[in-house]
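Worth saying up front: this structure is predicted, and the values here are computed from it rather than measured. First the proteins, then the strands, lettered A, B, ... as listed; each starts at 1.
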Amino acid sequence: MSYSEKVIDHYSNPKNVGTLDKSKKNVGTGLVGAPECGDVMRLQIEVDDATGLIRDAKFKTFGCGSAIASSSLATEWLKGKTVDEALSIDNMDIVEELNLPPVKIHCSVLAEDAIKAAINDYRIKNNMEAIKFEGSVVH
Amino acid sequence: MIKFPIYLDHNATTPCDPRVVEAMIPYFTDHFGNAASRNHPFGWQAEEAVDYAREQVAKLIGADPKEIIFTSGATEGDNLAIKGVFDMYASKGNHIITVNTEHKAVLDTCKHIEKLGGEVTYLSVKADGLIDLQELEAAIRPTTILIAIMYANNEVGVIQPVREISRIARKHGVLFFSDATQAVGKVPVDVIQDGLDLAAFTAHKMYGPKGVGALYVRRKNPRVKVTSQMDGGGHERGMRSGTLNVPGIVGFGKACELCRLEMESDNKRISALRDKLENALSQIEESYVNGSREHRLPHVSNISFKYVEGEGLMMGFNKEIAVSSGSACTSASLEPSYVLKALGLGDDLAHSSLRFGLGRFTTEEQIDYTIEQVTKTVNHLREMSPLWEMFKEGMDMDKIEWAHH
């Protein structure tokens, strides 16, 4: 199986690798996957209190190239969106953008789950109710 | 000058030695006869070439040429040995003992035997990948007809104590079959001293062509017979019908001869390179060598680099360096290597493993470059691994409630 150019590009030059201060109230953190499954993604968003826009997004991922690329792409898409807009990111958009083969679709699902988990973490910290997502592994 | 790409996956397959190819070529064009054609020179020539190759193959493992049955490869050999014994010795019993780190060609054949009403015991291995001989002996029943245990493992290179196994088998009057695919041509295999009754191996793991292999079937003390699994012209003493792959067999013979003559000097050089690679990569923090280092093939090293995932790791250099991984992501299934799990590795370490298989044409420059690239990529990926960050912060990852898919 060969990788698409876009996957290789994100793998070689990942965007937004890093860590945000998870103790801050305007930072939401999502940690999904499990080491036993071969994929763990941590995705973080930092929301601008004044504008409500996602000012920064960072990730760290343990996984294959497609998992790294999916999370790298997700952080790029998150920046500049409102939290509500971020909820509209669908895993199939990631599949399409990165040209992921069927065996790698779970990487995109994990990225979508990570976004949702980060948003819920942010909502809970800011006294909003967590959103219940159907068919998702996010707790 | 380093030769690219660097091939370090010799347990998967080996390149054909140019001397092997040279020996084969006339048998495609000039000497194309069917070895079963008894009435003209074309057939005689082919038969002569096959006879000579049979001697070359037999000599490598200390067998008599009459004990060599040519097959299409080790998978066929494994099937023929296990199913053939099960059929032939049905009146003696229906129980087979094997090990859970065997190749799928053995394990799936045993599963098939179970469907046919046979009984199979799957022994587990110790942390070093070796079987427990007492456990083996205890598993033998009055109905046991076959012990099927590989000579050397394809993923970690661990060599089983075949001589002790054969002694136990002899003592109880049970046949011993060994899938010797990874061992023949790589380490000295001697069917007499090792006490093998049946052994399967293949040309393409020892610098010969793909599509040709052999099953060794002992002819005396005891005389072993297998029921053929393919009906036809009764070739190969009735055990394996089908027109012989003459060019392939000629190449196989030549490959065996080269291994016999060059194994010792090759191994000295290859194991030194393997040790250099392994020692250097072991310097990386949180890296673990998998399987026994003492009882092991000279050209294999299987290492887990904790907190990075194997496929992601290979992607960092796979345009230049070919290795393989025990990670699930490398195959269609999502389960990581069952062999590494049988050694007691957690799924996380199994996902983080790379197998390096060196070979006859591997150079020191290639190994130096590999050390450099693997080290660089492990460090690069750990920089983006949340698990590495948690480890560095001293977090106990076993206490985290992971969201399992």
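- Enclosure of atom NZ in B:Lys126 by more than 12 non-hydrogen atoms of other residues, nucleotides or ligands within 6.0 angstrom is indicated.
- Proximity to chain A (any heavy atom under 4.5 Å) is shown, for B:Lys306, by neither the backbone nor the side chain.
- With a 4.5 angstrom heavy-atom cutoff, B:Leu349 does not touch chain A via any of its atoms.
- The SG atom of A:Cys37 sits 10.5 Å away from the CG atom of B:Asp348 when rounded to the nearest 0.5 Å.
- Atom CE of residue B:Met314 and atom SG of residue A:Cys64 lie 10.0 Å apart, to the nearest 0.5 angstrom.
- In this structure the side chain of B:Asp347 never reaches within 4.5 angstrom of the side chain of A:Pro35, judged on heavy atoms.
- Residue A:Val40 touches chain B through both its backbone and its side chain, counting heavy-atom pairs closer than 4.5 Å.
- Between A:Leu31 and B:Met390 there is a side-chain heavy-atom pair separated by less than 4.5 Å.
- Within 6.0 Å of atom NZ in A:Lys22, 12 or fewer heavy atoms from other residues, nucleotides or ligands are found, so the atom counts as exposed in its surroundings.
- Looking at heavy atoms from C-beta onward, A:Ile8 lies in side-chain contact with B:Met315 at the 4.5 angstrom threshold.
- Heavy-atom pairs under 4.5 Å with chain B were tallied for A:Pro14, A:Gly63, A:Gly65, A:Cys107; the largest tally goes to A:Gly63.
- Taking B:Glu389, B:Arg382, B:Glu383, B:Met397 one by one and counting their heavy-atom pairs under 4.5 Å with chain A, the maximum is reached by B:Glu389.
- Salt-bridge formation is not detected for the pair A:Glu36/B:Lys341: no Lys NZ or Arg NE/NH1/NH2 atom is positioned less than 4.0 Å from an Asp or Glu carboxylate oxygen.
- The two residues A:Tyr11 and B:His380 make their nearest non-hydrogen contact at O-NE2, 3.8 Å.
- Here the side chains of A:Phe62 and B:Ser352 are in contact, with some heavy-atom distance below 4.5 Å.
- Each of B:Ser385, B:Pro386, B:Gly346 has some count of heavy-atom pairs under 4.5 Å with chain A, and the biggest count is that of B:Pro386.
- Considering CE of B:Met384 and CD1 of A:Ile68, their distance stands at 4.5 Å, rounded to 0.5 Å.
- Within 6.0 Å of CD in A:Glu96 there are 12 or fewer heavy atoms belonging to other residues, nucleotides or ligands.
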